[in-house]
Amino acid sequence: MSDNPLATAVGKAQWRLLPFLILLYIVAYLDRINVSFAALGMNQELGLSQTAYGFGAGIFFVGYVLFEVPSNLILAKVGPRLWIARIMLSWGVATVALALASGPASFAGLRFLLGVAEAGFFPGIILYLTYWFPLAYRARTVALFMTATPLAGLLGSPVSGWIMTLHEVLGLSGWQWLFILEGIPAVVLGLVVYWRLPNGPAEAAWLTPEEKQALAEALDAEKNAIASRHLSGLRQGLVSPAVWLGGFVYFCMVVAMYGLVMWLPQVIAGVIGAGEGGAAAGTMQVSLLVMIAYAFAMAGMVLIGTSSDRRGERRWHILGSLGLCLLGMLVLASGAGVVWVVAGASLAAMGIWGMIAPFWGMATAVLTGQAAAAGIALINSLGNLGGFAGPYVMGFVKAQTGDFTGAFLCIAVLMVLAAVPVYLARE
C-alpha cells in the first residue's frame, strides 16, 4: 500500500495525461498562429493589406469568444472526452479549409469559422485539469500544460518555415500547404481523444481504487471549502466582479501575446530585409529567429510557474511577469536592429508566458462547480477579445504610421493598467 496514495495518483495523472494534453494544445496553438508564417507569402497573393491581415488574424477570436461559455457548459454536461474530440475534429477541418481562401473576405470568414470550431478547447482543458489536480498541484500542472504554446512556436516555427518552401508543389502555394499539413493532425488526434481520453479519475484504469478514493476525497474537500468561502453557482461565475477583473487582466495579457506572435515573423522579416515574398532562405532565417523568443517564453513559463507554486504566491509573480513584458515592449519600441527586436521579443514573451500559470492558479482558487465552468470560460472569453484587438491594432497602427513603434507602446501602457487590479487584489 502506498504511503501517500494522493501524491501517487497525482503523479500518475501527470505522466499519463499531461504529455497527451500538451500535444493536443501544441496542435491547437500552431493552427491558431500559423497564419503569421503564412502571411509571408499569402498577403501578397491574396492582396491583403496590413489592416486586412490584422483583422483576419484577429477575427478568429471573435468566433472563439462567442461560443466559448456555451461550449464549456456543454463539456461539463456531456463529458470532456466527447466534447474535446468534437472540437478537435471541427477545427482541423476548418484549418485545412483556409487553403481555399481567395481574398480578404474569404480569409476573414474562414478565420472566424476556425475560431467557432476551436471555441472552448482551452477553458475546457483547464476545467478538465480541475477534475484531476488539487490546488496544491494546480499552478505547476497548468504551467507544464501551457508549455505547449511556446513549444508550438519553438518546434512549429522551423516546421512552418520548411512547409512554406513547398511553394508550387502540385500547383499549391507554400501557405496553402501550411494550412493543409498543419490541419490534418487535429483531425487524427480528435479521433484518438474520443477513444482514449478518460472523462475523470473514476474512468482511469491506471489508478488503483485507493488512489481514486484519495483523489476524490481531496478534490471534494476543496470544492466544499471553496463553495463555502467563494463562488460555486452559475450566476456567481458570470456576474462576480473578481471574474470580470480577472478577464480584464487576461485581456491585456492576450493583447500582448497575439499582438506579438501574429506579427513577429513580419517584424523580423522587415528588419532583416526578407520581405513578404516567402523565399525559402528568408523564411527559414525568420523562423529560426522567432524560435529564440519562444525559447525564452518556455523558460519564463516553467521558472515562474514553479516558483509561484513553491512559494504558494500568485500576485507578485503576476506583477513581475507584467514588468518583464513592459520592459520587452519598450525595447521593441526603441530598437531598430535585429538584435533589439529579438531581445525585446524574448523579454516580452518571457513575461507573457510567465504570467499564465500564476494567473490561472489565482483564478481557479476562487471558483468551483458551475461557477468554475462559467467563470473560467468567461475570463478566457474576455481575455481572448484581446486576441482580436492585438493583431488588429498592430496592423492598423503600422498602416497609419509606417512602423510598429506606436503599437508596442500601446501594449506597454496596457501592461501598466493590468498591474493595477493585480496589485490591489487580495490573495
Side-chain angles (χ1 to χ4, degrees), residues 25 28-36 53-77 83-84 86-88 90-92 94-95 97-98 107-128 146 149 186 234-235 237-262 352 355-356 359-360 363-364 367 370-396 411 414 417-418 421:
Y25 200 27
Y29 196 76
L30 192 57
D31 284 347
R32 188 182 300 184
I33 68 167
N34 57 13
V35 68
S36 65
Y53 165 75
F55 179 83
I59 198 68
F60 164 94
F61 294 95
V62 176
Y64 192 96
V65 165
L66 287 175
F67 291 90
E68 193 161 24
V69 172
S71 177
N72 229 30
L73 294 174
I74 293 173
L75 182 147
K77 185 174 183 179
W83 199 244
I84 292 172
R86 193 285 305 162
I87 291 172
M88 296 196 68
S90 58
W91 104 53
T95 299
L98 272 163
F107 171 63
L110 288 167
R111 283 286 295 177
F112 176 81
L113 289 177
L114 177 60
V116 172
E118 194 188 318
F121 176 78
F122 174 76
I125 295 295
I126 295 295
L127 181 62
Y128 183 63
M146 289 295 295
T149 57
L234 174 61
R235 182 177 178 277
L238 294 174
V239 303
S240 165
V243 170
W244 285 84
L245 283 172
F248 170 73
V249 174
Y250 201 50
F251 169 85
C252 295
M253 189 273 285
V254 174
V255 167
M257 175 184 287
Y258 289 106
L260 182 67
V261 302
M262 293 296 191
I352 291 166
M355 172 186 161
I356 293 172
F359 174 82
W360 283 111
T364 57
L367 296 167
Q370 286 291 299
I376 289 169
L378 181 56
I379 290 172
N380 202 51
S381 295
L382 294 170
N384 276 304
L385 290 174
F388 171 74
Y392 181 72
V393 169
M394 291 281 290
F396 179 79
I411 295 175
L414 278 181
L417 294 176

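Below, each value reflects all heavy atoms present in this structure, side chains not excepted, and no hydrogens, waters or symmetry copies. None of these values were measured; they are calculated from a predicted model.
With a 4.5 Å cut-off on side-chain heavy atoms, L417 and F248 count as touching.
Take Y25 and apply the ring pair (Phe, Tyr, Trp, His ring centres under 6.0 Å) test, not counting sequence neighbours, and it matches F121, F122, F145. Here A256 pairs with C325, M329, I352, I411, M415 under the side-chain contact (heavy atoms from CB on, under 4.5 Å) rule; sequence neighbours left out. Residues passing the side chain to side chain donor-acceptor pair (under 3.5 Å) test with S36, sequence neighbours excluded: none. Residues that satisfy the side-chain contact (heavy atoms from CB on, under 4.5 Å) test with P70, not counting sequence neighbours, are absent from this structure. V65 pairs by the side-chain contact (heavy atoms from CB on, under 4.5 Å) definition with S381, N384, L385, not counting sequence neighbours.
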Show me the donor-acceptor pairs within less than 3.5 Å that the side chains of residues 107-120 make with the rest of the protein, sequence neighbours left out.
from : atom 1 : to  : atom 2 : distance (Å)
R111 : NE     : G56 : O      : 3.4
R111 : NH1    : R32 : O      : 3.1
R111 : NH2    : R32 : O      : 3.3
R111 : NH2    : A57 : O      : 2.8
E118 : OE2    : R32 : NE     : 3.3
E118 : OE2    : R32 : NH2    : 2.4

Please report the C-alpha distance between Y53 and V35 in whole Å, then the side-chain angles of each, then the deciding distance to 0.1 Å, and finally whether the side-chain contact (heavy atoms from CB on, under 4.5 Å) criterion is met. CA-CA 9 Å; Y53 165 75; V35 68; 3.9 Å; yes
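Of the candidates F61, Y258, F60, F55, F55 is the only one forming a ring pair (Phe, Tyr, Trp, His ring centres under 6.0 Å) with F388.
Contact record, G383 with V254: O-CB, 3.2 Å, taken as the closest heavy-atom pair. Residues G124 and L75 share a closest heavy-atom pair of CA-CD1, 3.8 Å. Residues A418 and V249 approach most closely at O-CG2, 3.8 Å, considering heavy atoms.
At most 12 non-hydrogen atoms from other residues, nucleotides or ligands lie less than 6.0 angstrom from OH of Y392. Heavy atoms of other residues, nucleotides or ligands lying less than 6.0 angstrom from CZ of F396 number 12 at most.
Applying the salt bridge (Lys or Arg N to Asp or Glu O under 4.0 Å) test to every pair with at least one member in residues 380-393, sequence neighbours left out, gives no pairs at all.
Rounding to the nearest 0.5 Å places CG of N34 at 7.5 Å from CG of L98. Atoms CZ and CD1, from F67 and I87 in turn, are 12.5 Å apart once rounded to the nearest 0.5 Å.
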